[in-house]
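Since this is a predicted model, take the numbers as computed values, not measurements. Throughout, a chain's letter reflects where its sequence line sits, starting with A, and its residues are numbered from 1.
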Amino acid sequence: MACRISHRLLLPSSHLLSSTILQSRPLDLIPAFEFPAPTFKFLIIHSPFSSYSPSPLFDFHEEDDDANPVDLDIFYTSLFDDCSHQKHLTQIHSHLIKSGSLESNYLVTKFVHTSSNLGEIHYARQLFDEIPYPNVFLWNAIIRGYSRHELYDGALKLYYGMQQEGVSPDGFTLPYVLKACSSLPALNTGREVHAQIFRHGFESDVFVQNGLIALYAKCGLLGCARLVFDGLCERTVVSWTSMLSGYAQNGHPLEALKIFSEMRAADVKADFVALVSVLKAYSDVEGLEQGKSVHCCAIKSGLELEPDLLIALTAMYAKCGQVQVAKSLFDHMSLPRVILWNAMISGYAKNGYANEAVELFRKMVSTNARPDSITLRSVILACAQVGVLELGIWMDDYVSGSEYRDDVFVNTALIDMYAKCGSIRHSRIVFDRMPSKDVVVWSAMISSYGLHGHGHEAIDLFHKMKLARVEPNDVTFVGLLSACNHSGLVDEGWKYFHCMRDYGIEPRHQHYACVVDLLGRAGYLDEAYDFVMSMPMKPEVTVWGALLSACKIYGNVRLGRYAAEQVFALDPLNAGHYVQLSNLYASAGLWNDVSKVRVLMKERGLVKALGYSLIEINGKLQAFRVGDKSHPRSKEIFVMLEELEKKLKEAGFVPNTDSVLHDLNTEEKEESLCNHSERLAIAFGLISTPPGTTLRITKNLRACVNCHSATKLLSKMVEREIVVRDANRFHHFKDGLCSCGDYW
DNA sequence: GTAGGGTTAG
């Protein structure tokens, strides 16, 4: 107990401070202290450390050098350790003032630390500002506090202030500063800091260098990050993780995994953060098996109960389609954090479990967990993916009553959702009510019009966007071009494609594919081919695919065969392309070639995707396949189908049986066409909704010619509006016509 | 007292 006293604390007489009280809760004592009448000439100090056996209080005379002084730093340290409330800070603060301890950078640093950990960063700043000459430790504490409270700009300002005061940063300052730079992110400032790091000679400080890796990785400058990483002579698990997650976050999961195996080869043991980062990389490549091996690795290392790792595992299983496994992990958490709810809900959304996503969201709300913008966007995405308008409207209502009612991201998701649920009118309502619109909002609305074949509205909105002085980006043009495309506006599309460069936007594959589609569908096949040949980059599969489907429409076997060869070379395992070529041959009556394609498909183990249609009745989705008899009301459905078929025949409807299902005889062909999944869905919709109700159907494939003509007629006969979302776009059938103008 | 991570993605 005999240590030098460094600061003076004047306490009232000894009997107030029984050692037992002091050992229990030092802070609770402080309010009881009477502050010094100047007559108190004694310092009475007691260490509140409970590990000490009860010891007598030490009374000693201020001027008595031989007394038993106790280190006040230790005393305060224990006070700070017990500090759990702002009220305590206030008490310590006045204590520090009265005892004249504010001259101690050490104690003020402690104070700043403690108040920042308690979330009282402004209080910390207040005290900091009272100190005339902060040393580097104190600067570090306040910068750290700002960084921890995500006040990154403030942290950087303090850093500049520190240098103006002539205090040089040390190996602790720089990681905090780099953290602030990478969180903003502020790349230019970060580069300046890098130069200072060089000047101050921190090239071999692994903490500082790790900060630089993280900074460059966050800013997407993987080359710079790698340079720093490669230059390190000592690499900690943090260096490896920073590099690994840099690759994972910038869309290079394979590079990330390579780093991971190098790390293991270097005998660096992965901790839980490293495993979390690896899981992200595996989830991105849907590497379920490898993800599972990380799970095993976690169990072996005893990390499986680490909550953050469990969140990452849940996200991985959910993303890879193993929603049940994910849910069982989820259910084991007693108090799920928002990020876990989000991982589970978005996992449901991604895998088409809209009802589950919404149910879990409801549960989340009922447990008083606070959804954030990501939660809302995930649920809205779920509604959009399966096209359930009723649930979508419910989400819109929820958003309107929440703090996210003006959130740009959430509202953009709503615009997109309404469009995908078939109600462009609702999309526009959301769009109009948004107080501020960025380029993404405008682009979403333009694409929505495109999806519904409202090309002129899309173009009109594009001009309004320019008037609003919002600069278009490449996504805007994808929306605009595909809108022209879906409406057959060839000249306009051609014009907008060529004006992209005026906006400083270099066309990408998607834009080229749109133009090929545009020219091809309008019958300009040779022009489309020349256009592909003039591309400055190697055409991707989407470009050749667009040409192939144009050839299919116009029965151009020669060019179609060539386009198909290119498509197969680039994407040999997509059954859809083979089906298209086969249909092209069939429409030209080239049955030999048809069977060759079928054989090729068989050899490559490819199966044509089964068609299905979904219809939403009373907020519940019902799915139908071709000739599906599994529905409980199947009998009624087929009675209705027959009735409809009769009416169609009476109206003179003759199905076109030439180009489809060549391997069946004609009668069978007709029968299975009548059983196409969308017809079943329509029949079911008719028997389960009151007259006049709009039917909304979602298909996984493109609408077939026969069903399209039949649905047009049906819309008139049954006096219903029928909205069909196919794999590509929307068709609004009404009064015998379709909004696509038979152009799809 | 230092640094690295997971949920969205038009």
(request) Answer yes if the ring centres of A/Y404 and A/F409 are under 6.0 angstrom apart, and no otherwise. (result) no
(request) Establish whether the base of B/dG10 is bridged to the side chain of A/D416 by a donor-acceptor pair shorter than 3.5 Å. (result) no
(request) Taking side-chain hydrogen bond (donor to acceptor under 3.5 Å, both in side chains) as the test, write out the residues that go with A/R148, two or more places apart. (result) none
(message) With the threshold set at under 4.0 Å for non-hydrogen atoms, list the residues of residues 230-238 of chain A touching DNA chain B in residue-number order.
(response) A/T236, A/V237, A/V238
(message) Strictly below 4.0 Å: does A/Q249 bring a side-chain N or O up to OP1 or OP2 of B/dG4?
(response) no
(message) Nearest whole Å is fine: how far is B/dT7 P from A/F409 CZ?
(response) 16 Å
(message) Can you tell me if A/F137 is stacked onto the base of B/dG1, using a 5.5 Å centroid cut-off and an angle below 30°?
(response) no
(message) Classify A/K319 by what it touches in the nucleic acid, base, sugar-phosphate, or nothing, heavy-atom distance under 4.0 Å.
(response) sugar-phosphate
(request) Under 4.0 Å between any heavy atoms, over every strand shown, what does A/G211 touch: base, sugar-phosphate, or nothing? Just pick one. (result) nothing
(request) Please work out if A/I415 contacts a base, only the sugar-phosphate, or nothing of the nucleic acid, heavy-atom cut-off 4.0 Å. (result) nothing
(request) For A/D416, check side-chain hydrogen bond (donor to acceptor under 3.5 Å, both in side chains) against everything at least two apart and list the hits. (result) A/K420
(request) Go through the structure and list residues passing side-chain hydrogen bond (donor to acceptor under 3.5 Å, both in side chains) with A/E262, not counting sequence neighbours. (result) none
(request) Just grab all the side chain to side chain donor-acceptor pair (under 3.5 Å) pairs involving residues 308-330 of chain A, residues at least two apart or on different chains. (result) A/D284-A/K319, A/H295-A/Y317, A/D308-A/R337, A/K327-A/D331
(request) For A/A214, answer base if it contacts any base atom (sugar-phosphate contacts may also be present), sugar-phosphate if it contacts only those atoms, and nothing otherwise; contact means non-hydrogen atoms under 4.0 Å. (result) sugar-phosphate
(message) What's the closest nucleotide to the side chain of A/H113 if the choices are B/dT2, B/dG5, B/dG1?
(response) B/dG1
(message) Using only modelled atom types and a 3.5 angstrom limit, is any donor from either the side chain of A/N210 or the base of B/dG4 paired with an acceptor on the other?
(response) no
(request) Indicate, with a heavy-atom threshold strictly under 4.0 Å, whether A/S378 touches base, sugar-phosphate, or nothing. (result) sugar-phosphate
Please tabulate, one pair per line, all N/O donor-acceptor pairs under 3.5 Å involving side-chain atoms of residues 240-247 of chain A, not counting sequence neighbours.
| from | atom 1 | to | atom 2 | distance (Å) |
| --- | --- | --- | --- | --- |
| A/T241 | OG1 | A/V237 | O | 2.6 |
| A/S242 | OG | A/V238 | O | 2.7 |
| A/S245 | OG | A/T241 | O | 3.1 |
| A/S245 | OG | A/S242 | O | 3.3 |
| A/Y247 | OH | A/R226 | NH1 | 3.2 |

(request) May I ask you to verify if any side-chain N or O of A/Q209 is less than 4.0 angstrom from the OP1 or OP2 atom of B/dA3? (result) no
(message) Is the distance between the ring centroids of A/Y159 and A/W139 under 6.0 Å?
(response) no
(request) Identify, with sequence neighbours excluded, every residue that meets side-chain contact (heavy atoms from CB on, under 4.5 Å) alongside A/V365. (result) A/F361, A/P371, A/Y398
(message) Rounded to whole Å, how long is the line connecting atom CG of A/L310 with atom P of B/dG5?
(response) 19 Å
(request) Identify which nucleotide among B/dG4, B/dG10, B/dG5 has an atom closest to any side-chain atom of A/V440, counting heavy atoms from C-beta outward. (result) B/dG10
(request) Side chain of A/V273 only, please: which of B/dG6, B/dG4, B/dG1 is the nearest? (result) B/dG4
(message) When you measure from the side-chain N and O atoms of A/K420 to the phosphate of B/dG10, is any distance below 4.0 Å, counting only OP1 and OP2?
(response) no
(message) Side chain of A/N140 only, heavy atoms from C-beta on: which candidate in B/dG1, B/dG5, B/dG10 is closest?
(response) B/dG1
(request) Identify whether any heavy atom of A/D170 sits under 4.0 Å from a base atom; if not, whether one sits that close to sugar-phosphate; answer base, sugar-phosphate or nothing. (result) nothing
(request) Give me the one residue out of A/H454, A/E457, A/R428 that meets side-chain hydrogen bond (donor to acceptor under 3.5 Å, both in side chains) with A/Y449. (result) A/R428
(request) Specify the residues of residues 331-348 of chain A, ordered by number, for which at least one heavy atom lies under 4.0 angstrom from an atom of DNA chain B. (result) A/R337, A/I339, A/N342, A/S346
(request) Name all residues meeting the side-chain hydrogen bond (donor to acceptor under 3.5 Å, both in side chains) criterion together with A/K258; count only those two or more places apart in sequence or in a different chain, and write none if there are none. (result) none
(request) Give the nucleotide from the list B/dG5, B/dG6, B/dA3 with an atom nearest to the side chain of A/S277. (result) B/dG5
(message) Does A/S242 reach a base, just sugar-phosphate, or nothing at all? Heavy atoms under 4.0 Å.
(response) sugar-phosphate
(message) Measure CZ/A/F330 against P/B/dG6 and give the value in whole Å, please.
(response) 19 Å
